[in-house]
Amino acid sequence: MTDDSAAEWEYKVIEPPTELTKRESANPERRLNELGTDGWRLVDTISYDGGGTKFLVFERRLED
């Protein structure tokens with residue numbers, strides 16, 4: 001097991017994809033798989049006060 005407490009991380013924040021109307025979310029599976037392939041993992045979401053997700057927060061370990 002690795003020691004995450006000594007690791008350095010980088011972060012990426014994206015808006016969830018939306019359908020054509022820009023009012024409902026599109027399925028983010030394809031984009032999430034692309035980011036996962038690049039080493040990113042979803043660690044948090046930031047939501048609107050009235051509900052709904054505004055941002056997806058990702059992290060990955062910095063390369064040595």
Side-chain angles (χ1 to χ4, degrees):
M1 182 175 241
T2 61
D3 180 13
D4 285 347
S5 64
E8 292 187 25
W9 302 89
E10 64 179 322
Y11 297 89
K12 177 185 289 281
V13 178
I14 65 169
E15 292 185 63
T18 56
E19 296 289 345
L20 293 176
T21 64
K22 305 290 184 199
R23 297 190 70 180
E24 64 266 342
S25 295
N27 185 340
E29 184 176 350
R30 182 180 58 65
R31 182 69 174 130
L32 293 173
N33 283 325
E34 290 170 355
L35 290 166
T37 298
D38 289 337
W40 294 100
R41 68 179 183 174
L42 180 67
V43 294
D44 202 359
T45 60
I46 300 171
S47 300
Y48 290 106
D49 287 338
T53 300
K54 183 168 177 76
F55 296 108
L56 304 174
V57 182
F58 296 84
E59 72 178 8
R60 71 177 173 187
R61 186 185 303 267
L62 282 173
E63 299 290 325
D64 290 335

Original post:
Do Lys54 and Glu15 meet the salt-bridge criterion of a basic N to acidic O distance under 4.0 Å?
Top reply: no
**OP:** Give, for atom CZ of Phe55 and atom CG of Asp44, the distance between the pair rounded to the nearest 0.5 Å.
**Re:** 12.5 Å
**OP:** Would you mind reporting whether Ile14 and Trp40 have side-chain heavy atoms less than 4.5 Å apart?
**Re:** no
**OP:** Check Val13, Leu42, Val43, Leu35 against Leu56 for a side-chain contact (heavy atoms from CB on, under 4.5 Å) and give me the one that passes.
**Re:** Leu42
Original post:
Should Arg41 and Glu59 count as an ion pair when the cut-off is N to O under 4.0 Å?
Top reply: yes
**OP:** Measure from NZ or CZ of Arg61 to the centre of the six-membered ring of Trp9 and say whether it is under 6.0 Å with the direction within 45° of the ring axis.
**Re:** yes
Original post:
So does Glu34 have more than 12 non-hydrogen atoms from other groups sitting under 6.0 Å from CD?
Top reply: yes
Original post:
Would you say the side chain of Pro28 lies within less than 4.5 Å of the side chain of Pro16, judging by non-hydrogen atoms?
Top reply: no
Original post:
Are any non-hydrogen side-chain atoms of Ile46 and Val57 less than 4.5 angstrom apart?
Top reply: yes
